[in-house]
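Only one structure is covered here, and it is reproduced in the block below.
Scope of the values below: all heavy atoms of this structure, side chains included, with no hydrogens, waters or symmetry mates.
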Amino acid sequence: MKNKLIVFLIAGLALVALPLFAQQFGAGWVRIMALALLYVLLALGLNIVVGYAGLLDLGFVAFYAVGAYMYALLASPHLSENFPGFQAMFPNGLHTPIWLVVPLAAGLAAIAGVLLGTPVLKLRGDYLAIVTLGFGEIIRVFMNNLEHPVNITNGPRGLDRIDPMNIFGFSFGKPVDIGDFRIPSVTLYYWLFLALVVLSVIICHRLETSRIGRAWMAIREDEIAAKAMGINTRNMKLLAFGMGATFGGVSGSMFSAFQGFVSPESFSLMESVMIVAMVVLGGIGHLPGVILGAVMLAALPEVLRYVAGPLQQMTDGRLDASILRQLLIATAMIVIMLLRPRGLWPTPEHGKAAAVPTPVK
């Protein structure tokens with residue numbers, strides 16, 4: 001136990017110091033790491049639904065969008081500019097404190113998760129995947145069209161001028177100068193996301209080892225047997241949808257503050273597919289594997305950007321860089337699934353007796 005604590009302490013210090021080293025090569029690399037941590041939050045939330053409860057959810061990006069738009073509406077001048085009532089009450093725009101807007105984003109996403117889970121309780125497998133996929137697309141289409149007759153989301157133009165994170169008067173949108181050393185805003189956001197990831201890992205680990213987590217896993221393995229054992233499968237499924245959606249709502253609010261701009265294009269079907277791939281490729285139901293898969297698939301497209309450019313030049317521009325990056329990612333995913341079908345870091349198999357050698361007569 002003592003050795004594990006030492007390893008965790010060293011790893012934590014390395015993760016804290018990593019952006020200070022990476023920012024010497026440009027803020028872009030720190031930004032990639034910060035976005036990777038956001039995807040880790042999303043993957044941890046989806047792992048509750050897919051990994052623990054065994055419910056295939058292809059519309060998880062909808063909760064991400066709900067959290068992002070909730071923060072954008074409550075921390076920008078958009079509502080005051082489009083509604084006279086808000087203009088009268090908040091002439092300088094609506095700038096809701098973080099202590100209110102983030103819990104609201106998480107709560108609204110949880111309600112959306114329960115609303116999604118209620119009508120699909122009896123669906124399983126492919127049917128559940130199709131319904132959740134449709135829910136994700138419905139949310140994106142709503143965000144894209146809620147501009148007329150009342151302008152709520154500003155349609156495809158998106159929402160801008162979103163306030164940065166501000167905690168006790170400390171703004172994450174401004175760099176911090178310590179003597180001659182400057183810590184840029186993107187590094188501050190990296191540390192904030194890292195703290196949220198650590199907190200989320202602790203919550204997920206506690207859930208996994210709790211009675212609720214074991215009930216989810218029983219439902220995942222055999223729902224009929226779990227129901228026969230007295231588990232309320234209906235409430236457990238709704239709890240899984242709600243808990244997972246909460247992670248998506250918090251991630252969305254962080255994304256909105258980090259980007260300062262949100263639009264429906266950020267919440268496409270491809271995002272949902274990527275989040276599911278992070279969970280499956282890393283190791284479904286296994287926290288270290290989910291984190292590994294999220295970091296790899298979140299950082300890989302940006303890293304391959306530097307590879308796709310030279311390859312495009314070698315082919316005289318006949319290959320589009322974005323398509324080439326998708327091709328390289330798809331190839332990597334196929335190779336991983338062929339070589340490691342249970343994921344890069346799968347869950348250790350428990351409960352199986354070791355093979356007993358047959359004595360030779």
Check: F258 ring centre within less than 6.0 Å of F193 ring centre: yes
Interatomic distance, I162 atom CD1 to D160 atom CG [nearest 0.5 angstrom]: 7.5 Å
Residues forming a side-chain contact (heavy atoms from CB on, under 4.5 Å) with I98, sequence neighbours excluded: V102, M165, I167
Closest contact, heavy atoms only, A245 versus A109: CB-O, 3.1 Å
Interatomic distance, D177 atom CG to I183 atom CD1 [nearest 0.5 angstrom]: 9.0 Å
Pair I203-F247, side chain to side chain contact (heavy atoms under 4.5 Å, CB included): steps then yes or no: CA-CA 11 Å; I203 293 173; F247 283 75; 4.3 Å; yes
Where at least one partner belongs to residues 187-209, residue pairs that pass salt bridge (charged side-chain N to carboxylate O under 4.0 Å, His left out), sequence neighbours excluded: none
Check: S256 side chain, S253 main-chain N or O, donor-acceptor pair, under 3.5 Å: no
Spacing of CZ belonging to R340 relative to CG belonging to L281, to within rounding of 0.5 Å: 12.0 Å
Plane angle bin for F255 and Y64 - parallel if under 30°, tilted between 30 and 60°, otherwise perpendicular: tilted
Charged tip of R31 within 45° of Y189 ring normal and under 6.0 Å: no
Backbone N/O of R157 and side chain of N154: donor-acceptor pair under 3.5 Å: no
N166 and D163: side chain donor to acceptor below 3.5 Å: no
Test item: N47 side-chain N/O and A43 main-chain N/O as donor-acceptor pair under 3.5 Å: no
Donor-acceptor pair, side chain of S76 and main chain of A72, under 3.5 angstrom: yes
Sub-6.0 Å ring centroid separation between F170 and F172: yes
Backbone N/O of I152 and side chain of H78: donor-acceptor pair under 3.5 Å: yes
Polar contact flag, side-chain donor to acceptor under 3.5 angstrom, Q23-T187: yes
Rounded distance (nearest 0.5 Å) linking atom CG of L44 with atom CD1 of I275: 11.5 Å
Gap between atom CG of L58 and atom CD of E137 - 0.5 Å precision: 11.0 Å
Ion pair R140/E271, N-O distance below 4.0 Å: no
Minimal non-hydrogen separation, L41 against L196, with atom names: CD2-O, 3.8 Å
Plane angle bin for H286 and W345 - parallel if under 30°, tilted between 30 and 60°, otherwise perpendicular: perpendicular
Partner of F63 under side-chain contact (heavy atoms from CB on, under 4.5 Å), chosen from I139, L42, D57, L46: D57
Shared hydrophobic cluster for L35 and M270 (ILVMFWY, side-chain gaps under 4.5 Å): yes
side-chain contact (heavy atoms from CB on, under 4.5 Å) partners of L18, counting only residues at least two apart: M33, Y190
Shortest non-hydrogen contact between G242 and T246, atoms and distance: O-OG1, 2.9 Å
Selection residues 236-255 - residue pairs positive for salt bridge (charged side-chain N to carboxylate O under 4.0 Å, His left out), sequence neighbours left out: E223-K237
Shared-cluster residues of V114, by chain and number - hydrophobic side chains joined below 4.5 Å: L121, L238
Residues that, via side-chain heavy atoms closer than 4.5 angstrom, fall in one hydrophobic cluster with I202: V198
From CA spacing to verdict: side chain to side chain contact (heavy atoms under 4.5 Å, CB included), Y69, T153: CA-CA 8 Å; Y69 270 91; T153 64; 3.8 Å; yes
Short side-chain to backbone donor-acceptor contact, W216 and I48, under 3.5 Å: no
Closest contact, heavy atoms only, A36 versus A298: CA-CB, 3.7 Å
Distance (rounded to the nearest 0.5 Å) between L239 CG and Y52 OH: 13.0 Å
